[in-house]
Enquirer: 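Once you've had a glance at the structure underneath, I'll fire off some questions.
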Amino acid sequence: MRIANWYEALFTTVRGASRREDIAVRSKARLLRMEKLKMASLVGENPGFDFLQECWRDDPALQIVIKKLLGKFPQWGITIVDGVLVDWEG
């Protein structure tokens, strides 16, 4: 729950934030996203298509992690077609 609250707070737009502050926020967001993806890898629990898609679109570095996850857990029913995540279950 605490991580979820932090995650939401990071994506709340802060008026007047400088470029430096924006970079710091995005860096923290990457760390939290990576943590969630690592947990998904360890326990085999799908973090959700929306979360994966958000990470995929927003952070090219996380695309590598997501590709590995989808290869490891094909039962999630998510694949990559022409560089786009596709949910075969949904």
Side-chain angles (χ1 to χ4, degrees):
M1 182 69 163
R2 185 176 179 194
I3 290 176
N5 291 341
W6 247 99
Y7 183 75
E8 288 179 28
L10 285 172
F11 288 98
T12 303
T13 304
V14 179
R15 292 179 189 244
S18 69
R19 174 118 170 100
R20 179 183 291 159
E21 290 168 332
D22 186 47
I23 291 169
V25 166
R26 293 183 65 75
S27 177
K28 288 179 184 177
R30 176 182 279 172
L31 291 174
L32 290 173
R33 287 173 169 171
M34 184 63 80
E35 187 66 29
K36 188 170 181 175
L37 292 171
K38 283 181 185 178
M39 288 300 294
S41 178
L42 291 173
V43 299
E45 186 176 318
N46 185 342
F49 181 73
D50 291 336
F51 174 77
L52 292 172
Q53 193 171 41
E54 180 181 312
C55 292
W56 183 268
R57 282 186 284 188
D58 195 45
D59 194 336
L62 294 180
Q63 289 180 2
I64 296 165
V65 176
I66 293 169
K67 284 179 186 178
K68 289 179 182 179
L69 268 176
L70 298 180
K72 186 175 180 179
F73 300 105
Q75 67 270 24
W76 289 355
I78 301 171
T79 191
I80 303 163
V81 178
D82 295 329
V84 177
L85 288 181
V86 177
D87 185 1
W88 293 104
E89 303 286 318

Enquirer: Which residue in the set Arg33, Gln63, Lys36 passes side-chain contact (heavy atoms from CB on, under 4.5 Å) when paired with Cys55?
Expert: Arg33

Enquirer: Work out which heavy atom in Val81 is nearest to a heavy atom in Trp88; give both atom names and the distance.
Expert: CG2-CZ2, 4.3 Å

Enquirer: Could you report the tightest heavy-atom contact between Ile80 and Trp56, atom names first, then the distance?
Expert: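 So the minimum-distance heavy-atom pair works out to CD1-CH2, 3.6 Å.
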
Enquirer: How far does CG of Leu85 sit from NZ of Lys67, to the nearest 0.5 angstrom?
Expert: 10.0 Å

Enquirer: If every non-hydrogen atom of Leu69 is compared with every non-hydrogen atom of Ala40, which pair is closest and at what distance?
Expert: CD2-C, 4.3 Å

Enquirer: Are any of the side-chain heavy atoms of Ile66 and Leu37 separated by less than 4.5 Å?
Expert: yes

Enquirer: Are Arg26 and Asp58 within salt-bridge range, i.e. N to O under 4.0 Å?
Expert: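 Salt bridge: yes.
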
Enquirer: For the side chain of Trp76 and the backbone of Gly48, is there at least one donor-acceptor N/O pair under 3.5 Å apart?
Expert: no

Enquirer: Roughly how far, to the nearest 0.5 Å, is CE of Met34 from CG of Leu62?
Expert: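 Here the rounded value is 5.0 Å.
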
Enquirer: How far apart are the closest heavy atoms of Pro47 and Leu52, and which atoms are they?
Expert: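 Heavy atoms of Pro47 and Leu52 come nearest at CG-CD2, 3.7 Å.
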
Enquirer: Are any non-hydrogen side-chain atoms of Phe73 and Asn46 less than 4.5 angstrom apart?
Expert: no

